[in-house]
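Every heavy atom of this structure was used, including side-chain atoms; hydrogens, water molecules and symmetry mates were not.
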Amino acid sequence: MTTRILTGITTTGTPHLGNYAGAIRPAIVASRDPQMDSFYFLADYHALIKCDDPARIQRSRLEIAATWLALGLDTDKATFYRQSDIPEIPELCWLLTCVAGKGLLNRAHAYKASVDKNVEQGEDPDAGVTMGLFSYPVLMAADILMFNAQKVPVGRDQIQHVEMARDIGQRFNHLFGKGKDLFVLPEVVIEEEVATLPGLDGRKMSKSYDNTIPLFGTAKQLKDAVARIVTDSRLPGEPKDAEGSHLFTLYQAFASHAQQAEFRAELEGGLAWGEAKNRLYQLLEDTLGEARERYNALIAKPADLEDILLAGAAKARKIATPFLGELREAVGLRSFREQVQVATGEKKKSAKSARFVSFRDEDGSFRFRLLDADGEQLLLSKSFADGKSAGMVNKRLQSGEPLDVRAEGRVFSVWVDGESVASSPEFADGQALEDAIVRLREALAPQE
């Protein structure tokens, strides 16, 4: 059984060496684990809260997408997308906003910090506070709950947001689940072993301190940055304190155990700081040189990046679209056609029976979904050009003729006359898939 893990990357800056060692590298390694179902997204809606420079946000989206791909993210194994390409997320954000307590959001650290700062300066407590900042935790909850992520790796400053997502999801389940958990409640993952790299001045590497080493600058920019790393005044030939050296800490983050041991011995044996910096530069160049070439190639072809991200969005929406349909049903945003049938007694069934729900998609096409007795979606049809075609397929499925059901991975599809006409949502594992197929056959079995 796989575990779904989800991470968002805010698009407001250019990645540096600390971002790579602390977040990007471990996430890419995790995405290769067959037991992990990884979702990584560019949190560009979140970026609008922090930045009002459109050019900077656009450039950051491009650079961050290229960075992850250049460093080896396999989009066949991971789902990689832009938050803004999933319209279901802001719609879910509104559904969650309608159940999120203001008192809960009042306690959000970022909001409280803004209020405290305003009060200290004698300003109105909410001066400069936008609804984007205030509602940030709800949008983050929508990011997580949309895909029912089980694990969410975050820094310690983000733990509260995941806990809020749990609270909001739990309340939604209570109000609309009718005994069923519509949302999986996410768990925080704190990466205790993740590297926190020192910057040029020894403080944590951060754009706020202007002490970063560029991840994909030119070779000359990399060499110049390494040359500016602060060291002590010990002369060539004097033993150096490897453990107390920021330079050695950076070297450790990219070297093998054998390289680390050799470098430590050389420092303690009196290696000159200038030569030590050359060794670090060469290690970083060997580690990142090929990735830099891939990065530059991707940056030069933004249309290719666009295609990759749109493909990732399509992959994500195969989950998001039917799930949002289920949530809309749960809160009462249902088709009038279904209500008319119930009111007029057409094809009257017991309240506990499965039911078809027809609807018209945003592009004007016609579709239908099949919900089981508990309201869980079993099928979502393909798009039909007209309601008559959709209705004919719907009738074929209810006719009692043998079903052609084909499973692939964790989804199944139903075929009519050699053509796939409807598919299931993605299930957690093989057993859940088999159970759903049984429920499907029961739902469409001829009535006595």
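- A distance-only check finds a donor-acceptor pair linking the side chain of Asn19 to the backbone of His16 [under 3.5 Å].
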Practice task
Starting from the C-alpha separation in whole Å, work towards a yes-or-no answer on side chain to side chain donor-acceptor pair (under 3.5 Å) for Thr14 and Glu63.
Solution key: CA-CA 7 Å; Thr14 300; Glu63 291 175 342; 2.6 Å; yes

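- The aromatic rings of Phe39 and Phe147 are tilted relative to each other, their planes meeting at an angle between 30° and 60°.
- A salt bridge links Lys180 with Glu326: the closest approach of a Lys/Arg side-chain nitrogen to an acidic carboxylate oxygen falls below 4.0 angstrom.
- For Ala436 against Phe427, the heavy-atom pair with the smallest separation is CB-CZ, 3.3 Å.
- Here the side chains of Thr11 and Cys51 are not in contact, with every heavy-atom distance at 4.5 Å or above.
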Practice task
Step by step, work out the side chain to side chain contact (heavy atoms under 4.5 Å, CB included) result for Leu397 and Phe368.
Solution key: CA-CA 12 Å; Leu397 294 181; Phe368 61 82; 3.9 Å; yes

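- Between Ile213 and Met205, the closest side-chain pair of non-hydrogen atoms falls below 4.5 Å.
- Using a 4.5 Å heavy-atom cutoff, the side chains of Thr130 and Leu133 are in contact.
- Side-chain atoms of Asp44 come within 3.5 Å of backbone N or O of Ser84 as a donor-acceptor pair.
- Proximity of the aromatic rings of Phe176 and Phe183 is defined here by a centroid distance below 6.0 angstrom, and this criterion is not met.
- Here CD of Glu329 is found 11.0 Å from CG of Leu324. Values are rounded to the nearest 0.5 Å.
- Taking all atoms of both residues into account, the shortest heavy-atom contact from Leu71 to Ala291 is CD2-CB, 3.9 Å.
- Across all non-hydrogen atoms, the minimal contact from Ala47 to Thr10 is CA-CG2, 4.0 Å.
- Judged by distance alone, with hydrogens and angles left aside, the side-chain atoms of Arg56 form a donor-acceptor pair with the main-chain N or O of Thr12 at under 3.5 Å.
- With ring centers used as reference points, Tyr40 lies 6.0 Å or more from Phe80.
- Residue Asp52 qualifies as open at atom CG: its count of foreign heavy atoms under 6.0 Å is 12 or below.
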Practice task
Start with the C-alpha gap between Phe172 and Val331, add the side-chain angles, then the distance that decides, and say whether side chain to side chain contact (heavy atoms under 4.5 Å, CB included) holds.
Solution key: CA-CA 9 Å; Phe172 194 98; Val331 300; 3.5 Å; yes

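- To the nearest 0.5 Å, atom CG of residue Asp181 and atom CG of residue Asn148 are 9.5 Å apart.
- Formation of a donor-acceptor pair under 3.5 Å by the Lys315 side chain with backbone atoms of Ala78 is found in this model.
- Taking 4.5 Å as the limit, every side-chain heavy atom of Ile24 sits out of range of all side-chain heavy atoms of Ile9.
- Remark: the backbone N or O of Gln259 is paired with a side-chain donor or acceptor of Ser256 at under 3.5 angstrom.
- Taking every heavy atom of both residues into account, Ile144 and Ala165 meet most closely at CD1-CB, 4.2 Å.
- Put simply, the side chain of Arg441 never gets that close to the backbone of Ile437: no donor and acceptor are under 3.5 Å apart.
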Practice task
Decide side chain to side chain donor-acceptor pair (under 3.5 Å) for Thr2 and Arg410; before the verdict, give the C-alpha distance in whole Å, the side-chain angles of both, and the deciding distance to 0.1 Å.
Solution key: CA-CA 11 Å; Thr2 58; Arg410 291 182 292 172; 3.0 Å; yes

Practice task
Please test Leu433 against Glu426 for side chain to side chain contact (heavy atoms under 4.5 Å, CB included), starting from the C-alpha separation and ending with a verdict.
Solution key: CA-CA 8 Å; Leu433 179 71; Glu426 185 174 4; over 6 Å; no

Exercise for the section: For side chain to side chain contact (heavy atoms under 4.5 Å, CB included), just list the numbers for Asp372 and Leu440, CA-CA rounded to whole Å, side-chain angles, deciding distance to a tenth of an Å, and then say yes or no. Expected result: CA-CA 8 Å; Asp372 70 9; Leu440 172 72; over 6 Å; no

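- Of the inter-residue distances, the one linking Gln282 atom CD with Leu222 atom CG reads 9.5 Å to the nearest 0.5 angstrom.
- Taking the side chain as every heavy atom from C-beta outward, Ser31 and Met36 never approach each other to under 4.5 Å.
- The CD atom of Glu163 lies 10.0 Å from the CG atom of Leu104; values are rounded to the nearest 0.5 Å.
- No donor-acceptor distance shorter than 3.5 angstrom exists from the side chain of Asp126 to the backbone of Val129, with no hydrogens or angles considered.
- The backbone N or O of Leu182 sits less than 3.5 Å from a side-chain atom of Asn173, completing a donor-acceptor pair.
- Between the side chain of Gln150 and the main chain of Arg4, a donor-acceptor pair closer than 3.5 Å is present.
- Ring-plane geometry between Tyr20 and Phe254 is classed as parallel, the angle between the planes falling under 30 degrees on a 0 to 90 degree scale with a further cut at 60.
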Under 3.5 Å donor-acceptor pairs involving side-chain atoms of residues 417-425, not counting sequence neighbours:
from, atom 1, to, atom 2, distance (Å)
Asp417, OD1, Arg396, NH2, 3.2
Asp417, OD2, Arg396, NH1, 3.1
Glu419, OE2, Lys382, NZ, 2.1
Ser424, OG, Phe412, N, 2.9
Ser424, OG, Phe412, O, 3.4

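- Distance alone, capped at 3.5 Å, places no donor-acceptor pair between the Glu91 side chain and the Arg328 backbone.
- Minimum heavy-atom separation, Ala149 to Leu6: CB-CB, 3.6 Å.
- The residues Arg292 and Glu285 are annotated as salt-bridged, a charged nitrogen and a carboxylate oxygen being separated by less than 4.0 angstrom.
- Side-chain contact check for Tyr81 versus Thr75: every heavy-atom pair is 4.5 Å or farther apart.
- Taking the side chain as every heavy atom from C-beta outward, Val154 and His161 never approach each other to under 4.5 Å.
- Each of Asn296, Leu17, Ile299, Thr67 was checked for a side-chain contact (heavy atoms from CB on, under 4.5 Å) with Phe216, and the lone residue meeting it is Thr67.
- For the atom pair CZ of Phe41 and CD1 of Ile64, the computed distance is 12.0 Å after rounding to the nearest 0.5 Å.
- Shown here for Ala66 and Leu298, the closest heavy-atom pair between the two residues is O-CD1, 3.6 Å.
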Practice task
Would you please test Phe134 and Tyr111 for ring pair (Phe, Tyr, Trp, His ring centres under 6.0 Å) and show each step?
Solution key: CA-CA 6 Å; Phe134 185 70; Tyr111 172 64; 4.9 Å; yes

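- Other residues, nucleotides and ligands place more than 12 heavy atoms under 6.0 Å from the CG atom of Asp124.
- Taking a cutoff of 4.0 Å between a charged side-chain nitrogen and a carboxylate oxygen, Glu88 and Arg317 qualify as a salt bridge.
- Residues Leu62 and Pro302 form a side-chain contact, since some pair of their non-hydrogen atoms from C-beta on lies under 4.5 Å apart.
- Between atom CG of residue Leu380 and atom NZ of residue Lys318 there is a gap of 12.0 Å, rounded to the nearest 0.5 Å.
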Handout entry: Verdict with supporting geometry, Arg82 and Glu306, salt bridge (Lys or Arg N to Asp or Glu O under 4.0 Å)
Key = CA-CA 10 Å; Arg82 283 176 301 214; Glu306 183 74 12; 2.8 Å; yes

